[in-house]
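As structure tokens, the structure follows; a few thoughts come after it.
Note: hydrogens, waters and symmetry copies are ignored here, and every other heavy atom, side chains too, is used. We name chains A, B, ... by the order of the sequence lines, and we start the count at 1 in each one.
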Amino acid sequence: MFLYNTLTRKKEEFIPIDKEEIKIYVCGPTVYDYIHIGNARPLCVFDVLRNYLEYMGYNVKFVQNFTDIDDKIINRAKEENTDYLTVSERFIKEFKKDSKGLNIRVANINPRATENIETMIAIIKELIKKEHAYILDGDVYFRVKTFKNYGKLSGQKTEELEFGIKTENQSKEDLLDFALWKASKENEPSWSSPWGKGRPGWHIECSAMVLKFLGKTIDLHCGGRDLIFPHHENEIAQSECYNRTKFCNYWLHNGHVNIDNMKMSKSLGNFLTVRKISEKYGYEVIRYLMISSHYRSPINFSTENIKSCLNSLKKLYNFKENLIFARKNRSSENGKSISEEVENYKILFLDAMNDDLNTPEALAVIFKIVKKINIFLSEEDATFSMESVDNVLNMFNELVGILGIMYKDQKIKLDEKKVNSLLKEREIARKNKNWEKADEIRNVLKENNITIEDTAQGVNVKMFEN
RNA sequence: GGCGCCAUAGCCAAGUGGUAAGGCGAAGGUCUGCAAAACCUUUAUUCCUCGGUUCAAGUCCGAGUGGCGCCUCCA
């Protein structure tokens, strides 16, 4: 499998440190609000990565943190007249709800910054001892000039970086130095440290949690491309100065979700929450949208785009339902085999995934399978071998499962008995050419998310939300 | 000032130097009591522009135009 590594700016073959346990760290959310649609992107694409690695037979240890102490959380707590813990607890819950909706598997470990402050303090102590960091009025700063490779991830030279830098503390030794520890202001949550009361800087959190839960060197570190600088650059600096070894082999960065071609962000205020969109269109279409472009490309969010994705998903659901219908009603011992022609497509799907997770290509392969099989199904008089139908169904479920779509449950609001009696009633009406009544029953069922289609082989009852 | 990304049909979107995947939408047709679903046909002689390399360029090189991101918090 080839992955684009930001560190080398090339697609590289993925070679794990230890096949028995691939170590992935994904930067998680700062929990001060509902996640926005941009946050959904790394969740979805790196969940696909995880699925695919496991599909290939690797064991994966997947760690995603919660940044649960930060200025924004403190501010929100102040606004709501409550404490930071109430805010972070609340939005961790909401995060989990949205994640579940998006069919994101729960990480093996979800460490919280505030639960790992001891590790951070230990690292900072050592960095001070090694003169990679210094104390300044209760703050601790990382001395960037002591790390020769600073800039290796972002491709930046330190001299050039200084050009555009904006900083709040002018008394730092160097403009590039960043905070490892921040002295606390009055009435703010704080932890005691050798440098007085305070709280950790953002970058050290991730370094500490990576070290504690995954070790000194990890396979994959993932996040949005806006994290390349300074966040990930700083993580490398801290961790490599502390561990004296390479921090991470492959850095993966997803592209942004834009709105009107502008980056969607909480600071710009042009963001849409996952919750809001899911209330209108459902969660699944958000996930579909995320895999419909390559993970490194930008996505421009629009309702037109969402609606197009909804229709595509509908086509896939119809396909699956029609196959299940064919299995029940159109299979016979001497039936046509439909799976052989489609077996090669699985290889094409895997080729696409192996090529830096080319999910749009992988989706195209799925639609090619759908097309091929639909041509078989469109032959009205044909019957099919049940085994081959099962093969296709299994393959379809397998591929779609890697992408993490098609997970919506059938939702039946009416009980089965009632549905069956309505169906019988409709059949009688149809025999008597009482079209009005037949259509009325069809509408009633439709209102309950049950779609019925009259086919040559009988009535195809589809029970999913449209 | 530096680093980087992007430009392919009405929309979304792949594309490894070998003659433009796939999805949505639209139009017409088949099937159907009507639908639905599905199938068939049509929908980019051309990939922002201009040069260059090559037998061959959407793909490589150069210049230009337009858009975006990072260097403050960000996914």
Side-chain angles (χ1 to χ4, degrees), chain A residues 6 9 11 26-30 35-43 45-46 67 70-72 151 154-168 176 202 222-231 233 253-258 261-268 271 288-289 292-294 296-300 302 304-316 318-319 321-322 325 348 351-352 355 358-368 370-371 373-380 430 433-436 438-439 442-443 446 451-456 460 462 466:
Chain A
T6 307
R9 317 250 165 184
K11 277 187 200 172
V26 180
C27 287
T30 301
I35 59 167
H36 61 64
I37 185 86
N39 299 113
R41 187 124 192 232
L43 286 176
V45 301
F46 300 124
T67 296
D70 160 278
D71 284 339
K72 292 185 293 283
S154 56
Q156 293 278 34
K157 289 177 184 160
T158 48
E159 316 86 65
E160 295 298 346
L161 278 167
E162 284 178 355
F163 209 94
I165 212 147
K166 296 158 199 162
T167 184
E168 69 290 351
L176 288 172
W202 175 39
C222 314
R225 70 183 320 134
D226 51 343
L227 298 183
I228 295 171
F229 192 90
H231 186 54
E233 196 73 74
H253 293 100
N254 62 272
H256 288 138
V257 179
N258 297 329
N261 288 316
M262 298 267 279
K263 181 180 163 182
M264 181 184 295
S265 75
K266 286 175 179 173
S267 53
L268 286 174
F271 67 93
Y288 186 95
L289 175 70
S292 69
S293 317
H294 189 266
R296 285 189 285 117
S297 309
I299 290 180
N300 201 38
S302 69
E304 196 186 354
N305 206 343
I306 280 280
K307 281 175 186 167
S308 158
C309 290
L310 273 174
N311 287 337
S312 302
L313 268 172
K314 194 172 167 186
K315 183 169 187 164
L316 295 178
N318 267 320
F319 170 74
E321 295 276 326
N322 291 346
F325 181 79
L348 296 178
D351 283 348
D355 182 17
N358 192 339
T359 53
E361 181 69 38
L363 263 182
V365 173
I366 287 175
F367 278 104
K368 283 178 188 171
V370 169
K371 184 72 171 183
I373 300 299
N374 274 340
I375 291 171
F376 279 118
L377 299 185
S378 68
E379 291 173 49
E380 286 219 340
R430 289 185 73 216
K433 304 208 176 192
N434 185 351
W435 307 125
E436 215 170 286
D439 292 351
R442 186 164 62 190
N443 287 337
K446 180 88 187 166
T451 306
I452 50 175
E453 294 167 6
D454 302 314
T455 77
N460 189 354
K462 297 179 177 176
N466 276 311

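Nucleotides B:U16 and B:C24 place their P atoms 24 Å apart, quoted to the nearest Å. With P as the reference atom, B:U32 and B:G17 are 50 Å apart, rounded to whole Å. The gap from the C1' atom of B:C12 to that of B:A7 amounts to 15 Å, rounded to the nearest Å. Across B:G58 and B:A9, the matching P atoms stand 15 Å from one another, rounded to whole Å. Nucleotides B:A57 and B:C48 are separated by 16 Å at their C1' atoms, to the nearest Å. B:G23 sits 11 Å from B:A14 when the C1' atoms are compared, rounded to a whole Å. The P atoms of B:G18 and B:U72 are separated by 42 Å, rounded to the nearest whole Å. Look at the P atom in both B:G51 and B:A56: the space between them is 16 Å, to the nearest Å.
Within the nucleic acid shown, A:Gly255 comes within 4.0 Å of at least one base atom, counting heavy atoms only. Using a 4.0 Å heavy-atom criterion, one finds that A:Val257 contacts the bases of the nucleic acid, with or without backbone contacts as well. Counting non-hydrogen atoms under 4.0 angstrom, A:Glu380 reaches the backbone sugars and phosphates but no base. Among the heavy atoms of the strands lying under 4.0 Å from A:Gly38 is at least one base atom, whether or not backbone atoms are also near. Within 4.0 Å (heavy atoms only), A:Lys307 reaches no atom of the nucleic acid at all.
Scored by the side chain to side chain donor-acceptor pair (under 3.5 Å) test, A:Glu361 finds no partners at all (sequence neighbours excluded). In terms of the side chain to side chain donor-acceptor pair (under 3.5 Å) criterion, A:Arg225 has no residue partners (sequence neighbours excluded). Evaluation of the side chain to side chain donor-acceptor pair (under 3.5 Å) rule for A:Asp454 yields A:Arg426, A:Arg430 as partners, not counting sequence neighbours. A:Arg9 pairs by the side chain to side chain donor-acceptor pair (under 3.5 Å) definition with nothing, not counting sequence neighbours. Annotation: side chain to side chain contact (heavy atoms under 4.5 Å, CB included) contacts of A:Ser293 (sequence neighbours excluded): A:Arg41, A:Ile299. Contacts of A:Phe319 classified as ring-ring contact (aromatic ring centres under 6.0 Å, His included), with partners at least two apart in sequence or in another chain: A:Phe396. Remark: A:Ser308 engages no residue in a side chain to side chain contact (heavy atoms under 4.5 Å, CB included) (not counting sequence neighbours).
Phosphate contact (OP1/OP2 of B:C24, side-chain N/O of A:Asn311, threshold under 4.0 Å): absent. Taking only side-chain nitrogens and oxygens, A:Thr6 never comes nearer than 4.0 Å to OP1 or OP2 of B:G4.
Side-chain contact, A:Asn322 with A:Asn460: a donor N or O sits under 3.5 Å from an acceptor N or O.
Considering only side-chain atoms of A:Ala364, the nucleotide from B:A13, B:C73, B:G22 that sits closest is B:G22.
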Could I get a table of every N or O pair under 3.5 Å where one atom is in the protein and the other is in nucleotides 66-70 of chain B?
unit_1: B:C70; atom_1: OP1; unit_2: A:Lys263; atom_2: NZ; d: 2.8
unit_1: B:C70; atom_1: O2'; unit_2: A:Phe229; atom_2: O; d: 3.1

Which atoms of nucleotides 7-12 of chain B (N or O only) lie under 3.5 Å from a protein N or O atom, and what are those distances?
unit_1: B:C12; atom_1: O2'; unit_2: A:Asn305; atom_2: OD1; d: 3.4

(request) Map every base of RNA chain B to its dot-bracket character, where paired means a Watson-Crick or G-U wobble contact with both distances under 3.5 Å and | marks a partner outside the strand. (result) (((((((..(((.....[...)))((((((.......))))))....(((((..]....))))))))))))....
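A:Phe367 has its CZ atom 15 Å from the P atom of B:A13, to the nearest Å. Here the C1' atom of nucleotide B:C5 and the CZ atom of A:Arg296 are 10 Å apart, to the nearest Å. Regarding A:Glu160, its CD atom lies at a distance of 7 Å from the P atom of B:G2, rounded to whole Å.
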(request) Spell out protein contact along nucleotides 15-20 of chain B as letters: B when the base is contacted, S when just the sugar-phosphate is, - when no protein heavy atom is under 4.0 Å; keep the 5' to 3' order. (result) S-----
(request) If a protein heavy atom is under 4.0 Å from the base, mark B; if only from the sugar-phosphate, S; if neither, -; do that for nucleotides 33-41 of chain B going 5' to 3'. (result) BBBBSSSS-
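When the nearest nucleotides of RNA chain B are assigned to A:Asp70 and A:Ser154 by heavy-atom distance, the more 5′-ward of the two goes with A:Ser154.
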